Amino acid sequence: MVYMLQQTLVLIKPDGLVRSLTGNVLTRLSETKLEIVAAKVTRVSQEMAEEHYRELKGKPFYAELIQYLQGELHDRRKVMALVYWGHDAIEKVREVAGETNPEAASPTSIRGSFGRIRSSGLFENVIHASSSEAEAEREIKLWFHPDEIIVDLYPTKAASSGGIQTRQWA
Ligand code: UDP
Ligand code: MG
């Protein structure tokens, strides 16, 4: 099988931050030997949350999921966003993350170790990880500006902000 050089978006969701799991999650992800090429802590507006999860609009858990990503269920209105880069990045990160349902996830995975199911049924599963190259591209462009990423992942065009040269996604 041919190696695929890929990038993938990871979000440490508000439950991960409020429960001080950042160090644990980053340690588990470091087992993949992938490189972190972008990282930040950021607030999530309702518009961002809805855009991020737009494929799930219409699902019964959608409204609560939007609240969850914004931190409204945990009174912690931020996420940590990272881009991991390297061979087979998407599959490697999904493997360490574990299945979506924390009770179905391998007990040694991040979601199996630290996730839970809320009484409403929502999966509170600590991290997000892109599941395909197309999804990774859409999500990385949504969460990061080109100048926040230390490698060139997708085409950009020149822009200017207050007289300073910057780039935006082409
Ligand atoms: N989710 C949920 N119940 C479901 C499916 C999804 O609560 O039956 C939540 C869960 O937090 C999940 C997110 O919605 O991480 C996005 O769902 P997706 O199917 O994309 O799973 P993922 O890619 O995160 O494994
Ligand atoms: Mg998904």
Side-chain angles (χ1 to χ4, degrees), residues 4 6-22 24-32 34 36-144 149 153-154:
M4 302 271 278
Q6 293 176 330
Q7 47 278 352
T8 187
L9 180 83
V10 169
L11 300 177
I12 304 181
K13 294 176 176 180
D15 54 322
L17 295 177
V18 83
R19 290 157 70 201
S20 297
L21 294 172
T22 308
N24 289 279
V25 169
L26 296 179
T27 299
R28 299 301 313 281
L29 288 168
S30 72
E31 290 164 16
T32 63
L34 297 166
I36 297 172
V37 295
K40 65 181 173 185
V41 171
T42 183
R43 282 188 182 248
V44 185
S45 66
Q46 180 161 342
E47 292 70 29
M48 272 296 280
E50 288 180 352
E51 184 60 25
H52 178 78
Y53 279 132
R54 71 175 186 195
E55 312 283 310
L56 295 171
K57 196 164 182 165
K59 298 277 186 199
F61 55 85
Y62 177 76
E64 195 183 10
L65 178 62
I66 296 308
Q67 283 193 308
Y68 169 34
L69 192 63
Q70 287 183 263
E72 285 175 9
L73 306 181
H74 297 91
D75 201 23
R76 182 68 58 102
R77 285 172 186 75
K78 63 182 182 183
V79 300
M80 179 175 270
L82 306 109
V83 178
Y84 280 83
W85 181 70
H87 293 302
D88 296 327
I90 292 170
E91 193 189 320
K92 281 181 183 160
V93 172
R94 292 284 296 189
E95 176 85 34
V96 172
E99 280 186 43
T100 307
N101 177 343
E103 286 193 357
S106 155
T108 59
S109 67
I110 294 168
R111 287 165 163 181
S113 302
F114 305 119
R116 65 190 278 267
I117 303 182
R118 294 181 74 83
S119 50
S120 64
L122 185 80
F123 301 155
E124 198 178 286
N125 54 10
V126 185
I127 74 167
H128 167 80
S130 310
S131 62
S132 68
E133 290 194 352
E135 191 176 278
E137 176 172 356
R138 187 180 81 79
E139 294 175 351
I140 290 168
K141 289 177 173 176
L142 176 66
W143 288 91
F144 287 95
I149 306 175
L153 300 179
Y154 308 110

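Keep in mind the model is a prediction, meaning the values are calculated, not measured. For ligands, and for the atoms within them, numbers begin at 1 and follow the listed sequence.
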Salt bridge (Lys or Arg N to Asp or Glu O under 4.0 Å) contacts in which one or both residues fall within residues 125-134, not counting sequence neighbours: none
Min N/O separation R111 to ligand 1 under 3.5 Å: yes
Protein contact to atom 11 (O) of ligand 1 [nearest heavy atom, distance to 0.1 Å]: F123 O, 2.9 Å
N/O donor-acceptor pair under 3.5 Å between S130 side chain and L9 backbone: yes
Pairwise side-chain contact, Q70 with R77, heavy-atom cut-off 4.5 Å (strictly under): no
Minimum-distance protein heavy atom relative to atom 5 (C) of ligand 1: F61 CZ, 3.3 Å
Geometric class of the Y68/H74 ring pair [parallel <30°, tilted 30-60°, perpendicular >60°]: tilted
N-O pairing of E51 and R54 below 4.0 Å: yes
Ligand-residue contact atoms, ligand 1 with Y53, heavy atoms, under 4.0 Å: 13 (C), 16 (C)
Heteroatom proximity flag, Y68 to ligand 1, N/O under 3.5 Å: no
A129, any N or O under 3.5 Å of ligand 1 N or O: no
For L122, atoms of ligand 1 separated by under 4.0 Å from a heavy atom: 7 (O)
Protein heavy-atom partner closest to atom 23 (O) of ligand 1 - residue, atom, separation in Å: R94 NH1, 2.8 Å
Backbone N/O of K13 and side chain of R76: donor-acceptor pair under 3.5 Å: no
Check: R111 side chain, F123 main-chain N or O, donor-acceptor pair, under 3.5 Å: no
For atom 9 (C) of ligand 1, the option (of L69, L65, I117) bearing the nearest heavy atom: L65
Nearest protein heavy atom under 4.0 Å from atom 19 (O) of ligand 1, yes or no: no
Heavy-atom check, side chain of W143 versus side chain of M48, under 4.5 Å: yes
H52, portion touching ligand 1 at heavy-atom distance under 4.0 Å: neither
Residue pair I36 / V10, side-chain heavy-atom distance below 4.5 Å: no
Any N/O pair T100/ligand 1 closer than 3.5 Å: yes
From N125, L11, L56 - option closest to atom 12 (C) of ligand 1 by heavy atom: N125
Pairwise side-chain contact, V37 with Q7, heavy-atom cut-off 4.5 Å (strictly under): no
Contacting atoms of ligand 1, where contact means under 4.0 angstrom from a heavy atom of K13: 11 (O), 12 (C), 15 (O)
Region of E124 engaging ligand 1 - heavy atom pairs below 4.0 Å: neither
